[in-house]
Number of protein chains: 2
Amino acid sequence: MESRPRMTKQRQVILEELRMMHTHPTADELYERVRDRLPRISLGTVYRNLEKLAASGMIRRLEKTGSQMRFDGDLHDHQHIRCILCGRIEDIEAEPEPTHCDYKLVAGTGFRLIERRVEYVGVCPACEAKKGKM
Amino acid sequence: MESRPRMTKQRQVILEELRMMHTHPTADELYERVRDRLPRISLGTVYRNLEKLAASGMIRRLEKTGSQMRFDGDLHDHQHIRCILCGRIEDIEAEPEPTHCDYKLVAGTGFRLIERRVEYVGVCPACEAKKGKM
DNA sequence: TTAATAATAGTAATTATTACTAATAATAGT
DNA sequence: ACTATTATTAGTAATAATTACTATTATTAA
């Protein structure tokens, strides 16, 4: 029945590395990083811990980013901009508080509004440069 | 080298059914529906056509909503609200034109802004009712 | 220290999607 | 309408991300 969680060495390292990274890594990117410190850790452990940490609110799970899930150890209120070409994600200091107007729109659907997510999509400088050369 | 596309019976039916559905179906949901009219069609054909139709701008691909991709045959400018419990997606008549403020925010990142997507997340009436009974 | 059990490593299974291939059928040009 | 070209299909196999399983290990409370 799984009660109080334990702070294992693996969970600790995963959390620390994710918080240091700032690149919104995928599970396997983080796995590669964590292996420098814990060479015998398994990918399944990384997935399981990311799941647990996200469920407990200690990290953020970024949904809808290409074929893989991405994670963010930075909990401060911010949004993201994603490169439509290479998939890179960077932070943006937007404040997407739902407005009065949002609540009115949502009222028509019968839903109870929890959150309004704003995602910016564009082309990152690196990809723009690459494109210019073709 | 793949030049001019052909309007096959399969592509026609997939497009028609998607336009009729209004439920933002996944590929396999649409596959089930289309099979009523074309019993021998394969799932791969549905995927391939959804890909082609989205690339040509005839339908919209709703990215990463849960584990499966969803599609929308309604091209009119609108946004979506998703139920965080059951995954159901409904339409919302929001107009998310990027504002002056958005462009200023994005300028700091060096990205060229293409689109601002707004997604509303909440609890749908059905799930709210279910929750009330527990 | 010890007992209870959450978490792990390693591996297998699952699931959505994509790739492959021989056969079929939509279109352009005659 | 006939034919050649080749995009598309059905069927199946392959891929890739994620999750599940299981015996073993290690964290925590008492």
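The sequence lines fix the lettering, A, B, ..., with proteins before strands; numbering per chain opens at 1.
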Take the protein atom [atom1] of [X] and the nucleotide atom [atom2] of [N], then report the distance between them rounded to whole Å.
{"X": "B:R4", "N": "D:dT5", "atom1": "CZ", "atom2": "C1'", "answer": "11 Å"}
{"X": "A:Y31", "N": "C:dG10", "atom1": "OH", "atom2": "C1'", "answer": "10 Å"}
{"X": "B:L50", "N": "D:dT8", "atom1": "CG", "atom2": "P", "answer": "14 Å"}
{"X": "B:I41", "N": "C:dT24", "atom1": "CD1", "atom2": "P", "answer": "17 Å"}
{"X": "B:N49", "N": "D:dT8", "atom1": "CG", "atom2": "C1'", "answer": "8 Å"}
{"X": "A:L38", "N": "C:dT8", "atom1": "CG", "atom2": "C1'", "answer": "11 Å"}

For DNA chain C, what are the stems built from at least three Watson-Crick or G-U pairs in a row, each pair having both distances below 3.5 Å?
C:1-30 with D:1-30
To the nearest 0.5 angstrom, please state how far the CG atom of B:L38 sits from the CD atom of B:E17.
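Answer for the CG-CD pair, B:L38 versus B:E17, is 9.0 Å.
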Atom pair OG1/CE of B:T26 and B:M69 - distance to nearest 0.5 Å:
11.5 Å
Within-4.5 Å side-chain heavy-atom neighbours: [X] and [Y]:
{"X": "B:Q12", "Y": "B:R37", "answer": "no"}
{"X": "B:H80", "Y": "B:D72", "answer": "yes"}
{"X": "A:K52", "Y": "A:M58", "answer": "no"}

Could you check B:I14 against B:R11 for side-chain contact (heavy atoms from CB on, under 4.5 Å), going step by step and ending with a plain yes or no?
CA-CA 5 Å; B:I14 287 167; B:R11 184 164 298 166; 5.7 Å; no
Apply side-chain hydrogen bond (donor to acceptor under 3.5 Å, both in side chains) to B:H24 and B:D74, showing your working.
CA-CA 9 Å; B:H24 316 90; B:D74 181 1; over 6 Å; no
Hey, are A:R35 and A:E32 close enough for a salt bridge, meaning a charged N less than 4.0 Å from a carboxylate O?
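Looking at A:E32 together with A:R35, the answer is yes, because their closest N to O distance falls below 4.0 Å.
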Please check the phosphate of C:dG10 (OP1 and OP2 only) for any side-chain N or O of A:S42 closer than 4.0 Å.
no
Phosphate OP1/OP2 of C:dA7 contacted by A:K52 side-chain N/O (<4.0 Å):
yes
For nucleotides 18-22 of chain D, print each protein N/O atom paired with a nucleotide N/O atom at under 3.5 Å, atom names and distance only.
| unit_1 | atom_1 | unit_2 | atom_2 | d |
| --- | --- | --- | --- | --- |
| D:dT18 | OP1 | A:M69 | N | 2.9 |
| D:dT18 | OP2 | A:Y47 | OH | 2.2 |
| D:dT18 | O5' | A:Y47 | OH | 3.3 |

Atom CZ of B:R33: over 12 foreign heavy atoms under 6.0 Å:
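Count not over threshold, so no.
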In terms of heavy-atom contacts, does CE of B:M20 have more than 12 from other residues, nucleotides or ligands at under 6.0 Å?
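Open.
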Could you identify which residues of residues 5-21 of chain B place a heavy atom less than 4.0 Å from some atom of DNA chain D, listed by residue number, or say none?
B:P5, B:R6, B:T8, B:Q10, B:R11
Transitive ILVMFWY side-chain link B:L15 to B:L75, under 4.5 Å:
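They do not share one cluster, since no chain of ILVMFWY contacts under 4.5 Å joins B:L15 to B:L75.
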